[in-house]
Amino acid sequence: MSSYSSTSVCRCRPLLGTFVEITVRGDPARIESAVSAAFDAIERVQRLMSFHDPASELSQLNRRAAKRPVTVDDWTFQVLTAAKEIATASDGAFDPTVAPTLQRWGILPSTGADIASGDWRDLELLAGRRVRFRRPLTLDLGGIAKGFAVDCAVAALRAAGAESGLVNAGGDLRALGPGEETVQLRDPQSPGRMAHELRLHEAALATSAPTFSRRAGPDGDLSHLVHPPTRAALVDGVSVSVRAPTCMVADALTKVVLFGGQLAEAVLALHGAEAFVLAAAPLPLAA
Amino acid sequence: MSGRIHHLILPALVGGSFHGYATTYHTVESAQKACFPDGTEFTPADVKLTKEQMKAIEQDSGVRVRLDTQKVWKASRGGQPAGWFIVDEVLGKHEYITWALALKADGSVQSIEVMDYRETYGYEIRNADWRAQFLGKKHGAKLKLDDDIRNVSGATLSCRHITDGVKRLLAFYELVLKH
């Protein structure tokens with residue numbers, strides 16, 4: 001048994017374009033340094049993989065990897081590897097190359113990069129953590145990098161000796177420790193209401209819904225969720241939550257469930273994941 | 001459909017309660033302690049801005065200056081300047097968020113901490129009048145601050161207003177505080 005009586009701390013910082021909340025229980029003497037280490041890990045992911053920061057590794061890839069292979073950090077390579085795997089398994093229902101559509105809609109900032117013409121198949125991962133684009137691409141690791149950041153923060157908490165904790169990056173969250181955490185799923189048609197409750201034990205949960213990003217565009221409504229094959233916006237009052245062992249996988253699989261049709265079941269099974277679809281009526285999810 | 005995708009049909013939009021949060025992450029003292037090393041001393045140094053200063057900050061930062069008073073503490077360690085600690089408010093989705101910006105002695109950002117986060121949700125809760133009818137009500141109130149709801153997974157709220165707040169406060173430092 002530990003000789004201290006544990007305490008808990010809850011902190012929140014604006015990171016990854018959202019509010020990141022970290023709750024930890026553990027040894028009072030070490031708890032503040034555990035929280036700092038967790039936020040440091042998230043800041044590191046932001047520095048490497050931010051779409052909005054022209055100096056990030058991701059931005060450098062987008063500028064240069066169509067011309068020659070670019071060597072990246074181990075963390076960036078891990079996320080790109082997962083992105084490529086899930087894109088392949090879902091036949092592009094998850095596709096990290098739809099950014100040009102979001103840029104055209106004004107949802108992502110313009111980067112002045114080459115005209116991107118390729119898709120996820122053109123992302124080549126080579127030996128020695130080198131990355132090359134077969135055709136010009138504009139990669140955006142937004143959601144999957146956010147999930148990875150949550151995983152890194154949880155690993156940092158664990159390494160710092162936290163007993164239990166929860167990291168929540170704007171709805172992408174992961175619990176660690178012996179207990180169960182209760183998580184509410186927001187009603188996508190009326191975000192003031194909680195529509196469903198889930199329990200998490202050493203697991204992650206991520207949600208995709210157009211609730212707050214939906215807006216009117218010149219040719220109909222837009223949102224940050226793009227159906228990769230047609231590049232159409234998802235604007236239905238639907239939300240998809242995925243519970244998975246890691247938050248990186250959970251976030252990417254929300255798109256597989258939204259857009260993967262019949263393939264979604266198999267990809268969820270491959271990752272030991274489950275999905276919760278909230279909608280007013282059974283949806284014919286895009287095939 | 002087999003067992004891995006659970007379809008949950010939402011109830012129709014009749015009645016129902018609207019939830020809000022109020023989470024306090026930090027008091028002024030605990031935020032100061034989180035931003036600066038032990039042994040740092042803080043001297044209150046609130047600043048009242050002139051109209052000209054407010055205008056200059058807006059022009060420099062491209063962000064509107066809403067209040068003419070800025071809560072500021074000067075940080076020092078062993079008699080040497082250690083930086084600045086500024087408490088500010090920005091609008092979240094519907095409610096104000098209190099946050100702190102810590103600056104190093106050279107004016108660069110040391111850290112950012114959210115102190116108080118309040119949020120209500122629901123498109124119906126757009127204006128203050130609508131909300132005011134529920135404030136102070138207990139029994140039967142439709143809007144409640146719910147302590148049971150700690151973790152929510154759902155659509156993401158952007159922290160863009162804090163990013164704008166950082167720009168505004170860096171202009172405030174450059175044009176006012178450092179002189």
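The chains referred to below are lettered A, B, ... by the order of the sequence lines, with proteins before strands, and numbering in each begins at 1.
In terms of the side-chain hydrogen bond (donor to acceptor under 3.5 Å, both in side chains) criterion, residue partners of A/Asp151 (sequence neighbours excluded) are, by chain and number, A/Arg174.
Both the backbone and the side chain of A/Leu268 come within contact range of chain B, with heavy atoms under 4.5 Å apart. Within the 4.5 angstrom heavy-atom criterion, atoms from both the backbone and the side chain of B/Ile112 approach chain A. For A/Leu166, the part lying near chain B is the side chain, with the backbone staying farther off; criterion is any non-hydrogen pair under 4.5 Å.
For the pair A/Arg11 (side chain) and B/Tyr25 (backbone), a donor-acceptor distance under 3.5 Å is present.
Few gaps surround CD on A/Glu180; more than 12 heavy atoms of other groups in view lie less than 6.0 Å from it.
For the options A/Arg243, A/Glu32, A/Glu274, heavy-atom pairs under 4.5 Å to chain B are most numerous at A/Glu274. Between chain B and the residues A/Ala269, A/Ala175, A/Ala206, A/Gly237, the largest count of heavy-atom pairs under 4.5 Å involves A/Ala269.
With values rounded to the nearest 0.5 angstrom, A/Leu15 atom CG is found 7.5 Å from B/Cys159 atom SG.
A side chain to side chain contact (heavy atoms under 4.5 Å, CB included) with A/Cys12 holds for exactly one of B/Val114, B/Ile97, B/Thr23; it is B/Val114. The side chain to side chain contact (heavy atoms under 4.5 Å, CB included) test with A/Pro14 is passed by exactly one of B/Ile162, B/Val90, B/Val166: B/Ile162.
Considering every non-hydrogen atom in both A/Ala195 and B/Leu10, the closest pair reads CB-CD2, 3.6 Å.
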